[in-house]
Amino acid sequence: MQTVETYKDFIGKSDISFGGNNFEIYFEEDNFDAFADKLKKCDVEYVNPIVEHSWGQRFIRFYDPDKHIIEVGENMKIVCKRFLNSGMTPEQVAERMDVLMKFVNACMR
């Protein structure tokens, strides 16, 4: 993360633009619900609210103050554990998440 001035110096250019919706930075969060609740208390502009991918991972996108897109997704191991805790069998979890049983077994340890 850089300020505009340090970034200009860092890349040797002065023509910096923001908000092009052509780039995002991605993070994963173990406690996704707590993160989403905390984010609600901040003055952020959402790109989209919480969305769930077909494989079950939830994510949220919002703009940083310079209009860059930040995506925060639920950690995939947590997704696996959430499904297992909901009563799904390991085989059902593997099918839903489109992952190998090896991944599901590792999450169960």
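- In this structure, the side chains of Val104 and Met108 come closer than 4.5 Å at one or more pairs of heavy atoms.
- Between Met76 and Phe103, the closest side-chain pair of non-hydrogen atoms falls below 4.5 Å.
- Here the closest non-hydrogen pair linking Phe83 and Trp55 is CE1-O, 3.8 Å.
- Within a 6.0 Å sphere centred on CD of Glu95, other residues, nucleotides and ligands contribute 12 heavy atoms or fewer.
- Taking each heavy atom of Arg82 and Gly56 in turn, the nearest pair found is NH2-O, 2.7 Å.
- Residues satisfying the side chain to side chain contact (heavy atoms under 4.5 Å, CB included) test with Tyr26, not counting sequence neighbours, are Glu28, Gln57, Glu71.
- At a threshold of 4.5 Å between non-hydrogen side-chain atoms, the residues Asp33 and Arg58 count as touching.
- We find the CZ-SG distance between Arg96 and Cys80 to be 12.0 Å, quoted to the nearest 0.5 Å.
- To the nearest 0.5 angstrom, Ile78 atom CD1 is 8.0 Å from Asn31 atom CG.
- At a threshold of 4.5 Å between non-hydrogen side-chain atoms, the residues Phe59 and His53 count as touching.
- Under the side chain to side chain contact (heavy atoms under 4.5 Å, CB included) criterion, Lys40 pairs with Asp37, Tyr46, not counting sequence neighbours.
- Outside the 6.0 Å centre-distance limit, the rings of Tyr63 and His68 are not counted as a close aromatic pair.
- Linking ILVMFWY residues whenever their side-chain heavy atoms come closer than 4.5 Å, directly or via other members, leaves Val51 and Phe62 in distinct clusters.
- Taking the side chain as every heavy atom from C-beta outward, Glu45 and Lys67 approach each other to under 4.5 Å.
- In this structure, Asp64 CG and Ile25 CD1 are separated by 9.0 Å, a value rounded to the nearest 0.5 Å.
- Residues Glu74 and Glu29 are not in side-chain contact: their nearest non-hydrogen atoms beyond the backbone lie 4.5 Å or more apart.
- Atom NZ of Lys102 sits about 12.5 Å away from atom SG of Cys107, to the nearest 0.5 Å.
- For the side chain to side chain contact (heavy atoms under 4.5 Å, CB included) criterion with Leu39, the lone passing option out of Ile70, Val72, Ile50, Ile60 is Ile60.
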